[in-house]
Amino acid sequence: MTKDILISRRAVIASGIALGVTSFAPLTRAAAPLKVAGIHASPVENAWNSCLHKALQDAAKEGAIDYVFSEGVSGTDYPRAMREYAEQGNKLIIGEAYAVEKEARQVAADYPDTAFVLGSSGEQAGDNFGVFGTWNHDGAYLAGMLAGKMTKSNVVGSVGAIPIPEVNMLINAFAAGVKAVNPDAKHLVSFIGTFFDPPKAREAGLAQIDAGADILFGERIGTADAAKERGIKSVGSLVDYTPRYPDTVFANAMWYFRPILNAAIADVAAGKPVGRNYTSYGLMKEGGSDIVFVKGVAPAEAEAAMEAKRAEIKAGTFEVPKMMEEPK
């Protein structure tokens, strides 16, 4: 799944998400597009935010929504941004509550006629506060299966943001995939303490390479820069990083936000409460996440074993463990 040209980081992120969007039927155009606001705590260049942003942009291009957004919104400003977008008449607000769980729920309670659907480690609240998780752990597990058979030093590493349950689950899934095929492999873990700091992620990756890791799982953007610099392989998360790092990133644990967005838009358009958990729309067996990888990099038998496990996940006969505790 490589491409012949290198493109900008933001364009790569968009192209990665587009791989998943094409398989989803567009929403039926409403008589009047739904007014939707996106509030991004990080720049939309950040992988997670780019997933949301691209899905929202595509829905707007199809005429299903009118989309406005803010990026780089700090935790202290986030509740204010939510209130302002609600006051402006947006019917659905998409964003993230991870740093403002209590405050976000209070804002939603103050605006019962506005639907809020936010990334969260908590539960839904009332009729108008829905949540979703970023559960691309299935793809991370499968990438770990490949990495476990590829490592020559028997040491792999993961660079994450902050040890919140979802980040923990993703890193733990990668480690579990490695251990499933290589029980003796050692797994190094580093957290950079923020959701967007590519230079810091690079430094964390370099430290893991110095400690013996010869494959890195980049839960955070910037990890692949360390792998490229030192000439080792890396795994990407959320979007397809291979076009930007064609000789470095051999697999990506993809996550597609569009199925979650479609479900939320449909509920709002139908006048249904959004106070529910939309996470399941992003699971692999629902088509909301997957693995993309460059064939021939991992041993043939490793690819075959991984594909067999992927088929089991899609069929619902195998469930990747959801381990939310902080990895050690």
I'd like to know if the side chain of [X] and the backbone of [Y] have a donor-acceptor N/O pair within less than 3.5 Å.
{"X": "S289", "Y": "G282", "result": "yes"}
{"X": "T279", "Y": "F132", "result": "no"}
{"X": "N128", "Y": "Y111", "result": "yes"}
{"X": "N168", "Y": "P327", "result": "no"}
{"X": "S153", "Y": "G212", "result": "yes"}
{"X": "Q208", "Y": "A213", "result": "no"}
{"X": "N136", "Y": "W255", "result": "no"}
{"X": "S121", "Y": "P165", "result": "no"}
{"X": "T317", "Y": "E312", "result": "yes"}
{"X": "S237", "Y": "E219", "result": "no"}

Shortest non-hydrogen contact from [X] toward [Y]:
{"X": "I192", "Y": "A204", "result": "CG2-CB, 4.2 Å"}
{"X": "H187", "Y": "S158", "result": "NE2-OG, 2.7 Å"}
{"X": "A264", "Y": "V274", "result": "O-CG1, 4.4 Å"}
{"X": "V73", "Y": "A81", "result": "CG1-CB, 4.3 Å"}
{"X": "I171", "Y": "G160", "result": "CD1-CA, 3.9 Å"}
{"X": "Y78", "Y": "A41", "result": "CE1-N, 4.1 Å"}

Next on the checklist: Evaluate R310 against M284 for side chain to side chain contact (heavy atoms under 4.5 Å, CB included), listing each step before the verdict.
Outcome noted: CA-CA 9 Å; R310 179 172 176 260; M284 182 178 287; 4.2 Å; yes
Quick check: do [X] and [Y] have side-chain heavy atoms less than 4.5 Å from each other?
{"X": "M254", "Y": "L238", "value": "no"}
{"X": "E71", "Y": "N49", "value": "no"}
{"X": "P112", "Y": "F129", "value": "no"}
{"X": "P43", "Y": "F196", "value": "yes"}
{"X": "L92", "Y": "I94", "value": "yes"}
{"X": "V167", "Y": "I164", "value": "yes"}
{"X": "M82", "Y": "T114", "value": "no"}
{"X": "L52", "Y": "E96", "value": "no"}

Hey, are [Y] and [X] close enough side-chain-wise for a donor-acceptor pair under 3.5 Å?
{"X": "S42", "Y": "W48", "answer": "no"}
{"X": "H40", "Y": "S70", "answer": "no"}
{"X": "D225", "Y": "Y245", "answer": "yes"}
{"X": "D184", "Y": "N154", "answer": "no"}

Going from [atom1] on [X] to [atom2] on [Y], what distance comes out if it is rounded to the nearest 0.5 angstrom?
{"X": "I162", "Y": "T194", "atom1": "CD1", "atom2": "OG1", "answer": "6.0 Å"}
{"X": "M145", "Y": "E307", "atom1": "CE", "atom2": "CD", "answer": "10.0 Å"}
{"X": "K228", "Y": "D247", "atom1": "NZ", "atom2": "CG", "answer": "8.5 Å"}
{"X": "I221", "Y": "R202", "atom1": "CD1", "atom2": "CZ", "answer": "14.0 Å"}
{"X": "E101", "Y": "Q106", "atom1": "CD", "atom2": "CD", "answer": "14.0 Å"}
{"X": "M150", "Y": "N182", "atom1": "CE", "atom2": "CG", "answer": "12.5 Å"}

Any chain of hydrophobic side-chain contacts (each under 4.5 Å) joining [X] to [Y]?
{"X": "I313", "Y": "W135", "result": "no"}
{"X": "L146", "Y": "L170", "result": "yes"}
{"X": "M323", "Y": "V178", "result": "no"}
{"X": "I260", "Y": "I265", "result": "yes"}
{"X": "L283", "Y": "V320", "result": "no"}

Salt bridge [X]-[Y], side-chain N to carboxylate O under 4.0 Å:
{"X": "K200", "Y": "E203", "result": "no"}
{"X": "E319", "Y": "K322", "result": "yes"}
{"X": "R230", "Y": "D210", "result": "yes"}
{"X": "K149", "Y": "E301", "result": "no"}
{"X": "D138", "Y": "K314", "result": "no"}

Should the pair [X] and [Y] be assigned to parallel (<30°), tilted (30 to 60°) or perpendicular (>60°) ring geometry?
{"X": "Y98", "Y": "F195", "result": "tilted"}
{"X": "Y67", "Y": "F69", "result": "parallel"}
{"X": "F174", "Y": "F217", "result": "parallel"}

Checklist entry - With a distance cut-off below 6.0 Å to the six-membered ring centre and an angular limit of 45° from the axis, does K309 pair with F318 as a cation-pi contact? => result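 Verdict for F318: a cation-pi partner in K309.
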Next on the checklist: Does the Lys NZ or Arg CZ of R83 fall within the cation-pi geometry relative to Y85 - under 6.0 Å from the ring centre and within 45° of the axis?
Outcome noted: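 So R83 doesn't make the cation-pi contact.
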Next on the checklist: Counting only heavy atoms from other residues, nucleotides and ligands, does the tally under 6.0 Å from NZ of K179 exceed 12?
Outcome noted: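 Check passes, neighbour count above 12.
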Checklist entry - Is the CG atom of D110 crowded by more than 12 outside heavy atoms at less than 6.0 Å? => result yes
Checklist entry - Between S50 and E45, is a side chain to side chain contact (heavy atoms under 4.5 Å, CB included) present by the stated rule, with each step listed? => result CA-CA 6 Å; S50 75; E45 179 185 16; over 6 Å; no
Item to check | Positive for side chain to side chain contact (heavy atoms under 4.5 Å, CB included) with N252, one of V235, V239, D240, D290 | outcome: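 Filter result, single survivor: D240.
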Next on the checklist: One pair to check against side chain to side chain contact (heavy atoms under 4.5 Å, CB included): E303 and V297. What are the steps and the verdict?
Outcome noted: CA-CA 9 Å; E303 291 184 4; V297 177; 5.5 Å; no
Next on the checklist: Please evaluate residues D267 and Y278 with respect to the criterion side chain to side chain donor-acceptor pair (under 3.5 Å), reporting the C-alpha separation (whole Å), side-chain torsions for both, the decisive distance (0.1 Å), and the verdict.
Outcome noted: CA-CA 11 Å; D267 283 346; Y278 290 86; 2.7 Å; yes
Item to check | Residues I215, I232; criterion side chain to side chain contact (heavy atoms under 4.5 Å, CB included); working and verdict | outcome: CA-CA 6 Å; I215 297 177; I232 69 167; 5.8 Å; no
